[in-house]
Structures are given as C-alpha cells and as structure tokens.
Engineer: 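My structure is below; once you've seen it, I'll send some questions.
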Amino acid sequence: MPELPEVETVRRGLARSIVGRRVESARLLRRDVLRTGGRAGPAALLAGGTIAAALRRGKHLAIEARDGRALGVHLGMTGQLLVTRPGARAGRNDHAHARWAFDDGTVLVFRDPRRFGGLWSYPSLDALRADRWADLGPDALRITAHELAVRLARGRRAVKAALLDQAVLAGVGNIYADEALFRAGVHPCREAGSLTRHELERLADSIRGVLREAIRAGGSTVRDYAGADGRPGRQQERNLVYGRGGQPCVRCERLLATGLVAQRRTVYCEACQRLPMSYPHTNASDSSARRERRVRRKAPECSSD
DNA sequence: CACCACCCCTGGACGC
DNA sequence: TGCGTCCAGGGGTGGT
C-alpha cells in the first residue's frame with residue numbers, strides 16, 4: 001500500500017514527533033511482527049534510547065537511536081505508524097503489534113491488520129543497511145534518466161514490471177508506476193530495454209515529478225493509508241489514471257483501459273501511451289516470441305480487460 | 001541470471 | 001442481514 005510518498009510522509013511525521021525523545025518503554029504485542037529472531041525484548045525496540053533520526057530508502061523506514069541501535073520498519077500493504085501527542089485522543093488501536101511510550105508522553109503504535117509489514121532490529125544502522133537495504137536500487141525520488149537507462153538496458157520484461165522491481169529503483173509501487181508511465185506517455189507493456197533515450201528522460205522526470213507532487217499532498221489514501229498523525233493523504237484526488245479505469249483520459253478523453261501487468265491491476269490510455277504496431281513481435285527474437293506464447297498460455301504477462 | 005507464479009493475511013465492497 | 005466471492009497500494013521465495 002504505502003509507496004515512497006506515503007512512507008516519506010510517515011518519516012516526516014516521525015521526525016517531527018519522536019526525534020530527540022527518549023523511549024521510556026517499548027512493548028511488542030505480537031512476537032512474529034519482529035522479524036529478526038534472536039534480538040527480542042524491549043532493547044530490540046530501542047527502549048532506553050533517544051531517537052536520533054528517522055530515515056527512508058525507497059519504501060523502507062529506519063529509526064535510529066543515539067546509542068547506534070536501529071529499527072527497520074516496513075509498512076507492507078496496511079502498516080501504519082501512528083503518533084499520539086500527549087493529551088490527544090488515541091488513534092486506532094486494533095491490530096496494534098508494537099507500542100512505544102516516550103519521555104514527553106508521546107505514544108507511537110505500529111498497527112498492521114494484514115501483517116505484510118514488520119519490524120527488523122539491528123545493533124547499528126550499518127548492519128540494517130547491509131542486511132535490509134543492500135539489494136535496493138537508487139531511491140526513486142532522485143532517479144536520473146542515466147541510472148534508469150543502465151538498469152533497464154536489455155531487459156525484456158514489461159517496463160511496468162521493471163519499475164515495480166525495488167532492485168531497479170526503490171520506492172515505486174502500483175499507483176505511481178501507472179501515474180509515471182501515463183505522464184511520460186509510455187505504454188506499461190513496452191519492453192523495458194526498448195525505451196528510447198527521450199522516453200527514458202521523460203520517464204525519469206515523470207517518476208520524480210509525481211512522487212514529489214504526492215509528497216506535497218501527503219500521499220495517496222486509497223483505503224488504509226494514514227500519516228503518522230493519522231490523517232489521510234490528498235494525492236488520490238490528483239492521480240490521473242490510478243483508480244480511473246473506464247473513465248475519460250484527462251488528456252484525450254478516450255476511456256482509460258485496464259489490464260494486468262506483472263500480476264498487478266494496470267490503468268493506462270491506449271491513445272496517449274501507444275505500443276509500436278504489432279508489438280512485441282516486430283522486435284522480438286524467435287526465442288522471445290516462443291517465450292511470449294508460452295507465458296501467454298498460462299497467464300498473460302500483459303492483458304487488457 | 002532474469003523473470004514469473006505463488007504465497008503470506010485481513011477487511012471492505014459487491015452480488016445474491 | 002448474512003454469506004460467499006473477489007480484490008487490494010507490499011515483498012519474499014522457489015521454480016523455470
């Protein structure tokens with residue numbers, strides 16, 4: 001659920017509310033939510049430490065204590081980090097899996113109904129980076145056309161599948177992949193390695209642009225997402241294709257198409273995001289055409305509804 | 001190695 | 001109202 005803009009909004013909320021605060025007590029309410037076996041107990045949740053920083057890489061969060069300990073947080077699909085300021089009414093508490101109380105009375109809760117998210121405890125930020133962040137590509141907020149070109153080069157999968165791959169670039173999920181491809185005028189099923197230099201420039205610009213716009217709006221709230229202050233985002237109203245299948249394209253008014261790419265619901269405009277004629281067979285080798293047919297028989301890689 | 005299918009889990013929307 | 005079905009923004013893993 002939360003992609004880069006939503007995670008960045010949460011990070012900023014944490015930076016405002018818990019950085020500089022001391023963890024008076026920390027409790028894990030559901031053991032298996034802490035994914036690092038061995039390190040358990042309050043110390044694994046930074047108890048006794050003072051929060052030095054809240055960091056983000058792609059969709060991953062890290063909370064660092066001044067003594068060096070670090071806690072990785074991933075929100076998965078439905079994870080939330082909710083801050084309750086002293087004296088304020090507590091937010092939702094169902095599916096709360098961990099709770100922190102700070103020296104100024106601030107309370108932080110990690111809740112995650114679907115439990116695709118989790119917590120990872122490390123003795124140092126370096127250890128966290130080496131274990132959890134090592135395989136992440138460059139942060140999508142600062143992706144350049146050149147970095148994108150290098151990482152998409154010769155790739156045969158659909159460009160949308162590549163954008164969702166966190167090793168290619170970190171932070172883009174289903175919503176902003178569709179938004180960035182639409183803004184760049186690139187069809188989601190284009191072979192990743194087939195994009196022209198000009199298309200790569202537009203795509204990199206679109207990725208950075210839509211992510212920045214979404215951060216300004218506090219993220220997209222489709223269902224569960226809320227910032228650390230519990231407030232929903234406003235970007236969902238500004239998204240041009242996500243969630244708008246069957247509605248008119250904002251550019252050409254043709255009805256937006258929906259399909260399935262990389263097992264994800266995909267919305268795009270067939271007029272504004274064109275595929276070359278008889279794609280992909282025009283530029284596919286025999287072996288890839290065979291692979292394409294084999295894939296198509298089981299589950300189409302790129303199918304429209 | 002690159003890529004894909006499948007799985008993890010709960011809740012909300014929808015149809016009957 | 002109640003039940004069944006489908007779907008959802010995430011990633012990890014095992015197989016091809």
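A note on names: the letters A, B, ... follow the listed sequences, proteins ahead of strands, and every chain is numbered from 1. These numbers come from the heavy atoms of this one structure, side chains and all, not from hydrogens, waters or symmetry mates.
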Engineer: Could a donor-acceptor pair under 3.5 angstrom be found where the side chain of A/R115 meets the base of B/dC9?
Structural biologist: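 Not at all, since no donor on one side and acceptor on the other fall under 3.5 Å apart.
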Engineer: Can you tell me which residue among A/R57, A/K59, A/R56 is in a salt bridge (Lys or Arg N to Asp or Glu O under 4.0 Å) with A/D139?
Structural biologist: A/R56
Engineer: In whole Å, what separates the P atom of C/dG11 from that of B/dC1?
Structural biologist: 22 Å
Engineer: Please give the nucleotide sitting opposite C/dG4 as a Watson-Crick or G-U wobble pair, both distances under 3.5 Å, or none.
Structural biologist: B/dC14
Engineer: Under the criterion salt bridge (charged side-chain N to carboxylate O under 4.0 Å, His left out), I'd like the reasoning laid out for A/E270 against A/R274: C-alpha separation, chi angles, the key distance, then a yes or no.
Structural biologist: CA-CA 6 Å; A/E270 289 169 326; A/R274 288 204 177 278; over 6 Å; no
Engineer: Taking only the C1' atom of each, what is the distance from C/dG12 to B/dG11 in whole angstrom?
Structural biologist: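 Their C1' atoms lie roughly 23 Å apart.
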Engineer: Report each atom pair, protein N/O against N/O of nucleotides 11-15 of chain B, whose distance is under 3.5 angstrom.
Structural biologist:
{"residue": "B/dG11", "atom": "OP1", "partner": "A/H95", "partner atom": "NE2", "Å": "2.6"}
{"residue": "B/dG11", "atom": "N2", "partner": "A/R223", "partner atom": "NH1", "Å": "3.4"}

Engineer: With both distances under 3.5 Å as the test, what is the Watson-Crick or G-U wobble partner of C/dG9?
Structural biologist: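 Paired with no nucleotide.
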Engineer: Taking atom types as modelled and ignoring hydrogens, do the side chains of A/T106 and A/D104 form a donor-acceptor contact shorter than 3.5 angstrom?
Structural biologist: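 A donor-acceptor contact under 3.5 Å links the two side chains.
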Engineer: From CD of A/Q80 over to P of B/dT10, roughly how many Å is that when rounded to an integer?
Structural biologist: 16 Å
Engineer: In plain terms, say whether A/R234 and A/E237 are close enough for a salt bridge, that is, a side-chain N and a carboxylate O under 4.0 Å apart.
Structural biologist: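 Judged by the 4.0 Å cut-off on N to carboxylate O distance, A/R234 and A/E237 do not form a salt bridge.
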Engineer: What closest approach, in Å, do A/P2 and A/Y225 show between heavy atoms, and which atom pair accounts for it?
Structural biologist: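 Smallest interatomic distance, heavy atoms only, reads CB-CD1, 4.5 Å.
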Engineer: Separation of A/Q235 atom CD from C/dG9 atom C1', in whole Å?
Structural biologist: 13 Å
Engineer: In this structure, how many angstroms lie between the P atom of B/dC3 and the CD atom of A/Q263, rounded?
Structural biologist: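 Taking atom P of B/dC3 as the reference, CD of A/Q263 is at 14 Å.
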Engineer: Linking I/L/V/M/F/W/Y whenever any side-chain heavy atoms sit under 4.5 Å apart, do A/L256 and A/Y242 land together?
Structural biologist: no
Engineer: May I ask you to establish whether A/R251 and A/F182 are in a cation-pi arrangement, using a distance under 6.0 Å from NZ or CZ to the six-membered ring centre and at most 45° from the ring axis?
Structural biologist: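 The answer is yes, since A/R251 meets both limits relative to A/F182.
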Engineer: Round to the nearest Å and state the distance from A/L163 atom CG to C/dG9 atom C1'.
Structural biologist: 15 Å
Engineer: Let me know the distance between CD of A/E3 and P of C/dG9, rounded to the nearest Å.
Structural biologist: 8 Å
Engineer: Identify all pairs in which a protein N or O lies below 3.5 Å from an N or O of nucleotides 11-14 of chain C, and state each distance.
Structural biologist:
{"residue": "C/dG11", "atom": "OP2", "partner": "A/K59", "partner atom": "NZ", "Å": "3.0"}

Engineer: Rounded to the nearest Å, what distance is computed from the CG atom of residue A/L260 to the C1' atom of nucleotide C/dC7?
Structural biologist: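 Result: 12 Å.
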Engineer: Which part of the nucleic acid does A/G117 contact within heavy-atom distance under 4.0 Å: base, sugar-phosphate only, or nothing?
Structural biologist: nothing
Engineer: How many Å lie between CZ on A/R114 and P on C/dG9, as a whole number?
Structural biologist: 8 Å
Engineer: Calculate, to the nearest 0.5 Å, the distance between atoms CZ and NE2 belonging to A/F110 and A/H95 respectively.
Structural biologist: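 Spacing of CZ (A/F110) from NE2 (A/H95) equals 12.5 Å.
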Engineer: To the nearest angstrom, how far is A/Y176 atom OH from C/dG9 atom C1'?
Structural biologist: 9 Å
Engineer: Indicate if A/L82 and A/L75 have the same hydrophobic cluster label, given that clusters are the connected sets of ILVMFWY residues with side-chain heavy-atom separations under 4.5 angstrom.
Structural biologist: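 No, separate clusters.
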